[in-house]
Amino acid sequence: MAEAADSQGMTPSPARRWLRRTAALLVGAPLFAGLLSATAAPAAHAAEDAVGGQSVQVSLDSVAPKAPVKSDTLTISGTVTNKGKQAVTGAHVGLRVGAKLSGRSGIDETAGRTGYAPGTDAAEVADGPTVKFARLEAGVSQDFTLSVPVSKLGLGDDGVYPLGVSLSGQTATQQYDQVLGIQRTFLPWQPDAVEGKKSQLTFLWPLISSSHLTAQTGSDAQQTPVFADDSLARDIGPGGRLEQMVSLGKQLPITWVIDPDLLATVDAMTRNYKIKAGDSLVNGTSQDVAKAWLSSLEAAVQGEKVVALPFADPDLASLAHHGRDVPGSLGHLQSATEVAQKTIDTILHVTPSVDYSWPVDGAVDPSIVDVATSAGAHNVIARSDSLRDTLAYVPTATRPIGGGVNAIVADARLSTAFQGDMSMADTSALAEQRFLAQTLSITLQDTDKQRSIVVAPQRMPSVSQAQTMAAALHALDPQRWTQPLDLSAAATAKPDPLATTKVPGAGAYPDALRQQELPLDAFQDMKNTQGTLDRFKVILSAPDRVVTPFGNAINREMSTSWRGDSGGAQNYRAGVQLYLDSLADQVHLIQKSTATMSGRSATIAVTVQNKLVQGVDHLVLRLQPKSPTRLQLGEDGNAIGEQPVKVDGDRSQSVKFTAIANANGPVPVTARLYTEDGTPYGEPMEFTVQVSEITPTVMLVIAGGVLLLVLAGIRMYTHRKRSMAREESDGDDDPGQSNGSADADPGQPSDPTPDTGPESGDAPGPGEKVDH
């Protein structure tokens with residue numbers, strides 16, 4: 001009936017209309033799904049092929065000249081790589097120049113964009129250069145070079161222009177001409193010298209390295225140094241990181257920022273040195289390389305501004321946030337600063353400035369500023385992402401922050417421009433162009449103001465980073481919008497009165513940097529090592545042989561180079577302490593177990609051994625029985641015996657004590673060395689004194705022997721007296737004499753001669769006793 005009604009032109013009822021619509025939807029659903037699938041397929045392929053929004057990667061390897069003038073021809077070289085899964089046909093590479101960017105924010109926004117944006121990215125330069133590729137297979141790369149007279153680029157006012165290189169073409173699923181890949185860079189346009197005041201640019205050139213020397217030295221007169229490895233020889237050798245820093249830096253208008261520890265370490269390599277190889281030591285062989293590097297550096301810095309960091313570049317933020325809680329930690333910063341100037345002056349024969357401190361990444365808070373200036377520095381090198389301004393222009397770098405201290409605020413964008421992997425030509429070229437664009441943009445912000453801009457790059461640039469920095473600085477050689485200035489002059493520049501001088505609070509310090517700091521335990525370890533050193537040095541006849549290497553080692557334990565290597569830092573500290581303990585243990589008591597004492601009084605000997613090369617003195621050996629009533633020491637019967645100790649190098653010395661026993665049996669005794677001020681030295685040594693009783697039988701035997709000796713002596717004496725009496729008697733029998741003694745019994749001995757001499761009638765002498 002419904003069909004009859006429709007065929008007859010009758011209007012269907014609402015129910016019928018609803019049924020027809022539902023049927024149409026059911027029938028059309030598969031067809032609609034097919035259409036969606038067909039439409040989505042190319043989009044899916046495009047998404048699958050895209051890399052960062054592009055199926056073709058465009059790399060710019062060089063832009064020359066980097067800052068062209070009107071008469072130049074701009075040449076751009078690079079590579080296109082098909083990163084998708086489909087071949088590109090009918091492809092060509094073209095050049096795009098956009099409108100002048102609005103300041104530094106425009107540069108940042110352009111650098112952050114990826115992929116082609118119609119309406120935002122400029123059209124290709126009319127009648128501009130192109131390079132065509134009939135077919136670019138998937139995974140294939142092709143080089144290109146575009147050259148165009150600068151006059152054809154349509155550049156207008158001075159400023160920074162976005163420069164894009166794009167590849168356009170078709171794919172099997174997108175068979176129409178489209179941009180498949182683009183790369184952007186910047187073209188700084190300042191053909192003539194700026195009309196006004198140029199920016200004064202200060203570029204810090206850091207010569208800093210990680211710690212290479214151990215605390216260990218040889219026992220010879222030269223104290224042969226021991227290196228942890230041989231990596232420093234590679235760094236200062238041909239093509240090495242530090243060799244490149246010197247060879248590039250000597251051609252640039254820069255301020256040298258040098259860690260004196262690096263110089264001292266390389267100087268140690270110019271003589272005999274050892275390298276750890278497992279558990280053994282091998283001879284170092286890079287003396288000539290070290291001499292050549294130092295000679296090249298000395299020539300490079302003559303007449304140039306040189307800034308000395310404290311010895312070993314201590315981590316100021318770690319000291320401020322953790323070290324100040326450990327007594328003595330700030331004292332290491334003071335000593336590290338004091339030795340800095342002397343080290344550089346001695347090795348490079350130039351007098352550096354020690355008036356600058358440089359916290360990691362220029363991040364500051366009040367505690368960091370306090371620590372950074374505690375050793376006498378009046379200038380703290382900060383960074384603009386820490387000490388922030390809200391001005392519409394970049395103010396001059398120097399500003400007073402109170403207490404006679406200046407913050408030298410390095411520009412954050414310029415200072416971080418060369419971080420990351422610069423080993424690829426495209427990343428290096430982009431970094432150079434962006435750096436130049438930023439410097440020009442700063443100058444054009446306000447050419448009526450003379451501003452000093454400071455660049456403080458990463459502390460230890462790689463070879464490729466150093467080369468990129470050098471290339472960018474050379475591009476500024478014409479001095480069209482900048483002029484070089486050393487750090488000393490930048491520090492004395494007139495501050496901008498509108499620039500912020502408020503140091504950010506502790507809460508603003510970056511968490512990422514805080515997590516890399518040396519912990520409190522590290523400074524406690526340093527305190528313990530310093531305490532061991534203080535106790536050790538007072539007994540040495542030549543303390544400098546120990547104080548100098550270990551003092552430097554403790555400074556190295558605070559180095560910023562340990563950031564990100566907490567395990568390496570802990571191992572280094574443990575190694576220093578272990579080696580110092582081993583040296584201190586070379587002076588010790590030789591263990592004894594039992595000393596036997598027969599009789600009431602005897603001598604007890606304790607041996608002190610010195611295995612050091614140098615002699616030791618100012619030690620006291622104390623002997624203390626646990627039962628002083630049973631055993632006393634010393635002629636005065638003291639409870640404790642003390643004897644001074646002095647032992648030559650590589651010798652042993654026996655120290656003797658007189659002991660008096662009051663009872664038989666074993667008596668435990670403790671022997672220990674002390675310094676003269678009463679500080680214990682080394683570990684105590686315990687032994688037992690065994691007192692043996694003298695029995696009555698033994699006493700009788702001894703007494704009998706003594707009696708026999710006395711009787712024998714009397715007999716010999718009597719015999720001698722009788723012989724003398726006979727001789728006198730023989731003399732009295734002379735015929736001329738009276739024989740009144742003839743009646744005497746010849747067998748009766750005469751009286752013994754008296755022990756004293758014959759009596760005298762003279763007056764007694766003084767002090768003599770006269771018997772009446």
Side-chain angles (χ1 to χ4, degrees), residues 532 535-536 538-541 581 584-612 615-717:
T532 305
R535 291 188 296 273
F536 185 39
V538 297
I539 73 168
L540 302 175
S541 58
D581 287 341
D585 289 344
Q586 300 297 303
V587 181
H588 61 274
L589 301 176
I590 295 181
Q591 184 66 44
K592 62 191 304 178
S593 56
T594 303
T596 301
M597 182 176 173
S598 298
R600 186 171 182 273
S601 177
T603 298
I604 300 175
V606 177
T607 302
V608 181
Q609 187 174 40
N610 174 21
K611 293 184 179 180
L612 298 173
V616 296
D617 198 354
H618 309 297
L619 279 171
V620 174
L621 176 59
R622 290 183 187 174
L623 219 59
Q624 182 173 5
K626 289 189 176 179
S627 299
T629 58
R630 299 177 59 193
L631 184 69
Q632 295 175 325
L633 299 171
E635 296 179 354
D636 297 332
N638 296 323
I640 300 176
E642 284 191 358
Q643 294 285 356
V645 176
K646 182 178 181 180
V647 188
D648 292 336
D650 200 21
R651 293 289 186 273
S652 297
Q653 179 70 45
S654 291
V655 183
K656 298 180 180 179
F657 296 84
T658 299
I660 300 174
N662 298 321
N664 296 325
V667 180
V669 176
T670 300
R672 189 166 195 179
L673 290 170
Y674 290 82
T675 57
E676 289 182 338
D677 63 357
T679 303
Y681 184 89
E683 296 299 321
M685 186 261 289
E686 294 186 355
F687 63 97
T688 301
V689 175
Q690 184 67 44
V691 181
S692 299
E693 181 181 4
I694 302 176
T695 64
T697 303
V698 174
M699 292 294 293
L700 288 174
V701 172
I702 295 174
V706 172
L707 179 59
L708 289 174
L709 289 174
V710 171
L711 292 175
I714 293 174
R715 188 171 183 277
M716 292 175 62
Y717 178 76

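Computation of the quantities below employed the complete heavy-atom set of this structure, encompassing side-chain atoms and omitting hydrogens, waters and symmetry-equivalent molecules. Remember, predicted model here, so these are calculated numbers, not experimental data.
- Identified under the salt bridge (charged side-chain N to carboxylate O under 4.0 Å, His left out) test for residues 615-630, with sequence neighbours left out: R622-E642, K626-E686.
- Of the possible polar contacts, none joining the S654 side chain to the A605 backbone as a donor-acceptor pair under 3.5 Å is found.
- What you find for L631 and V669 is that their closest heavy atoms are CD2-CG2, 4.0 Å.
- Remark: Q609 pairs with H588 by the side chain to side chain donor-acceptor pair (under 3.5 Å) rule, at least two apart or across chains.
- Side-chain contact check for N662 versus Q632: some heavy-atom pair is nearer than 4.5 Å.
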Trace of the side chain to side chain contact (heavy atoms under 4.5 Å, CB included) decision for V616 with Y681:
CA-CA 12 Å; V616 296; Y681 184 89; over 6 Å; no

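- Nearest heavy atom pair, residue L633 against residue A659, reads CD2-CB, 3.9 Å.
- Residues satisfying the side chain to side chain donor-acceptor pair (under 3.5 Å) test with D585, not counting sequence neighbours, are none.
- Between the CZ atom in R600 and the CG atom in N664 there is a gap of 12.0 Å [rounded to 0.5 Å].
- Judged as a side chain to side chain donor-acceptor pair (under 3.5 Å), and not counting sequence neighbours, S627 has no contacts.
- Atoms OG and CD, from S598 and Q690 in turn, are 9.5 Å apart once rounded to the nearest 0.5 Å.
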Applying side chain to side chain contact (heavy atoms under 4.5 Å, CB included) to L621 and L589, what does each step give before you reach the verdict?
CA-CA 9 Å; L621 176 59; L589 301 176; 3.8 Å; yes

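- Partners of Q624 according to the side-chain contact (heavy atoms from CB on, under 4.5 Å) rule, which considers only residues two or more places apart in sequence or in another chain, are I640.
- We find the OG-CG distance between S652 and N610 to be 8.0 Å, quoted to the nearest 0.5 Å.
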Carefully, step by step, assess V606 and K656 under the rule side chain to side chain contact (heavy atoms under 4.5 Å, CB included).
CA-CA 6 Å; V606 177; K656 298 180 180 179; over 6 Å; no

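- Legend: side chain to side chain donor-acceptor pair (under 3.5 Å) pairs involving residues 666-678, not counting sequence neighbours, sorted by first then second residue: H618-E676, T675-D677, D677-T679.
- Between V691 and M597, the closest side-chain pair of non-hydrogen atoms falls below 4.5 Å.
- From I539, atom CD1 reaches atom CG of L673 across 8.0 Å, with rounding to the nearest 0.5 Å.
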For I604 and F687: C-alpha separation, side-chain torsions, deciding distance, then whether side chain to side chain contact (heavy atoms under 4.5 Å, CB included) applies.
CA-CA 11 Å; I604 300 175; F687 63 97; 4.1 Å; yes

